[in-house]
2 protein chains.
Amino acid sequence: MTDRPDLAAMFLPLTRALIDAERPVLAEHDLSMWAYGVLLALEEGPLRTQAALAQSIGADKTRIIGVLDDLQRRGLIERVPDPADRRARLLSLTAEGRRLRDSAQAGIRRREERLLARLPEGDREGFLRALRALAALPPHEITDPPPEVTDP
Amino acid sequence: MTDRPDLAAMFLPLTRALIDAERPVLAEHDLSMWAYGVLLALEEGPLRTQAALAQSIGADKTRIIGVLDDLQRRGLIERVPDPADRRARLLSLTAEGRRLRDSAQAGIRRREERLLARLPEGDREGFLRALRALAALPPHEITDPPPEVTDP
DNA sequence: GCTTATAATCTACAGGGGCTTATCATCTGT
DNA sequence: ACAGATGATAAGCCCCTGTAGATTATAAGC
């Protein structure tokens with residue numbers, strides 16, 4: 001294995017830069033990063049509880065309340081009591097929310113594609129495939145990777 | 001281009017997990033993340049000013065003072081006035097500092113290699129090559145990538 | 001019915017980190 | 001020699017975030 005910087009030492013500044021790249025696009029859409037994260041998380045489908053949402057985007061459950069308040073006030077999400085358990089709130093995107101998310105995401109994608117275009121043609125696909133594979137791993141398997149198994 | 005999550009949406013949780021992975025190793029060596037960053041930055045060779053060091057690790061120049069104080073007190077770095085410009089402090093690793101950095105880095109590497117081992121054999125090399133290419137770009141080219149040019 | 005547990009919410013608090021200003025020493029240009 | 005710039009440092013402020021308790025509504029088990 002050839003010598004290389006620590007993974008985190010490469011990832012951290014890169015991530016910062018990627019977030020800086022998103023910032024102006026999100027600002028145009030009046031979205032904070034947390035708010036955008038919520039819209040992305042709800043893309044997959046409605047969620048049953050706010051706590052689940054908070055965990056899925058790595059946020060504190062008390063912290064996203066204000067974010068949800070704002071999104072709801074702007075008609076971007078719906079937050080209705082679960083009829084089966086009225087303590088919980090069912091969260092889902094409205095059509096308007098979906099539209100705003102698509103618009104923001106499109107702007108972000110455009111920049112990202114320009115960035116990816118700078119990678120050597122031959123590495124690009126493998127890079128994205130590996131990245132998706134790592135991103136799909138549960139966090140604890142990254143923090144403390146099991147010794148060998150590739151195919152359980 | 002196939003559909004995929006936003007780059008930042010994949011990078012951010014991955015980076016967090018990688019940092020969590022480093023935390024216990026660094027704790028064993030009594031190093032904060034900033035302190036480790038300093039040791040890594042000085043690996044390349046001595047630096048002429050603290051401000052340059054701060055910038056190179058993405059820290060605030062006023063914030064690393066305490067970190068440097070601690071590292072110096074522990075004999076891990078040297079901080080001597082530049083004879084050519086006595087306002088500046090020449091920063092360099094001591095032998096002990098180099099030893100500690102190597103030890104911490106070795107622990108971190110071990111985990112990282114286990115993680116990389118989980119990637120499909122064929123993608124691993126391209127992944128690392130692409131990652132290094134991106135990490136080598138100046139931040140503003142990531143934030144706002146130029147339209148085309150790969151070879152200026 | 002009563003007790004215990006859970007979801008959401010609010011408030012208060014503490015820590016980390018960035019940013020700003022002021023100070024001191026030193027250098028550079030005139 | 002003097003004025004203005006620069007490096008290091010210290011102190012204070014502010015923001016973001018995470019944590020902990022208290023509160024309310026609701027559920028579920030006994």
Side-chain angles (χ1 to χ4, degrees), chain A residues 8-9 12-13 15-20 22-23 26-27 30-38 41-42 46-73 77-92 139 143, chain B residues 8 12-13 15-17 19-20 22-23 26-27 30-38 41-42 46-73 77-92 139 143:
Chain A
L12 185 53
T15 302
R16 284 200 188 130
L18 287 170
I19 288 175
D20 286 344
E22 293 196 356
R23 223 180 288 283
L26 294 180
D30 264 297
L31 288 172
S32 70
M33 207 142 15
W34 289 121
Y36 181 58
V38 166
L42 293 181
L47 281 176
R48 233 190 64 269
T49 71
Q50 296 182 183
L53 170 64
Q55 194 189 1
S56 84
I57 64 176
D60 188 274
K61 74 180 190 306
T62 70
R63 182 139 299 275
I64 68 170
I65 293 174
V67 176
L68 295 178
D69 287 346
D70 180 60
L71 290 174
Q72 185 180 26
R73 195 167 36 70
I77 65 170
E78 267 191 41
R79 181 159 56 157
V80 301
D82 182 346
D85 179 347
R86 300 209 309 285
R87 292 172 303 182
R89 310 299 165 85
L90 296 173
L91 302 167
S92 58
T143 300
Chain B
L12 186 53
T15 303
R16 285 201 188 128
I19 288 174
D20 286 344
E22 293 196 356
R23 223 181 289 282
L26 294 180
D30 264 297
L31 289 172
S32 70
M33 206 141 17
W34 289 122
Y36 181 58
V38 166
L42 293 182
L47 282 175
R48 231 191 66 268
T49 71
Q50 296 182 183
L53 170 64
Q55 195 189 0
S56 82
I57 64 176
D60 189 276
K61 73 182 192 302
T62 69
R63 181 139 298 274
I64 66 170
I65 293 175
V67 176
L68 295 178
D69 288 346
D70 180 61
L71 290 174
Q72 184 179 26
R73 194 168 34 72
I77 66 170
E78 267 192 40
R79 180 158 58 155
V80 302
D82 181 346
D85 179 350
R86 300 205 311 286
R87 292 171 303 179
R89 310 298 166 86
L90 295 173
L91 301 167
S92 57
T143 301

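Chain identifiers are assigned alphabetically (A, B, ...) following the order of the sequence lines, protein sequences preceding nucleic acid strands; residue numbering begins at 1 within each chain. In what follows, every heavy atom counts, from backbone to side chain, and hydrogens, waters and symmetry copies are set aside.
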Can you identify which nucleotide, out of [options], has its nearest atom closest to the [X] side chain?
X        : options                   : result
Thr49(A) : dA8(C), dC27(C), dA8(D)   : dA8(C)
Ile65(B) : dA10(D), dG18(C), dA25(C) : dA10(D)
Thr62(A) : dT26(C), dT9(D), dT9(C)   : dT9(C)

If you go through the side-chain atoms of Arg86(A), does one of them form a donor-acceptor pair with the base of dT26(D) closer than 3.5 Å?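 Between dT26(D) and Arg86(A), which were checked side chain against base, a qualifying N/O pair under 3.5 Å is absent.
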
Rounded to whole angstrom units, what separation is found between the [atom1] atom of [X] and the [atom2] atom of [N]?
X        : N       : atom1 : atom2 : result
Leu68(A) : dC10(C) : CG    : P     : 11 Å
Asp60(B) : dG7(D)  : CG    : P     : 15 Å
Arg48(A) : dA7(C)  : CZ    : P     : 8 Å
Gln50(B) : dT6(D)  : CD    : P     : 17 Å
Ile64(B) : dC19(C) : CD1   : C1'   : 15 Å
Asp69(B) : dA11(D) : CG    : P     : 12 Å
Lys61(B) : dT23(C) : NZ    : P     : 16 Å
Arg63(A) : dT9(C)  : CZ    : P     : 14 Å

Establish, with yes or no, whether the OP1 or OP2 oxygen of dT17(D) is under 4.0 angstrom from a side-chain nitrogen or oxygen of Trp34(A). yes

Does OP1 or OP2 of dT9(D) have a side-chain N or O of Arg89(B) closer than 4.0 Å?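 Yes, such a contact exists.
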
So which heavy atom on Ala8(B) is nearest to which on Pro13(B), and how close?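 Scanning both residues completely, I find the closest heavy atoms to be O-CD, 4.1 Å.
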
Locate the shortest heavy-atom distance separating Ile57(B) from Arg16(A); write the atom from each residue and the value.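 Of all heavy-atom pairs spanning Ile57(B) and Arg16(A), the closest is O-NH1, 4.4 Å.
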
Distance in Å, Ile65(B) CD1 paired with Asp70(B) CG, rounded so as to fall on 0.5 Å steps: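 Reported value, rounded in 0.5 Å steps: 14.0 Å.
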
Applying side-chain hydrogen bond (donor to acceptor under 3.5 Å, both in side chains), name anything that partners Arg86(B), two or more places apart in sequence or on another chain.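 For Arg86(B), no residue satisfies side-chain hydrogen bond (donor to acceptor under 3.5 Å, both in side chains) once neighbours in sequence are set aside.
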
NA contact type, Asp85(B), heavy-atom cut-off 4.0 Å: base, sugar-phosphate, or nothing? sugar-phosphate

Any base atoms under 4.0 Å from Arg79(B), or only sugar-phosphate, or nothing? Heavy atoms, all strands.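 Sugar-phosphate, backbone atoms only, no base.
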
For Ala59(B) and for Asp82(B), locate the closest nucleotide of DNA chain C by heavy-atom distance; then report the residue assigned to the nucleotide nearer the 5' terminus.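 Its nearest nucleotide being more 5', the pick is Ala59(B).
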
Between Pro83(A) and Arg87(B), which has a closest nucleotide on DNA chain D that is more 5'? Arg87(B)

Walk me through whether Gln55(B) and Lys61(B) qualify under side chain to side chain contact (heavy atoms under 4.5 Å, CB included). CA-CA 7 Å; Gln55(B) 195 189 0; Lys61(B) 73 182 192 302; over 6 Å; no

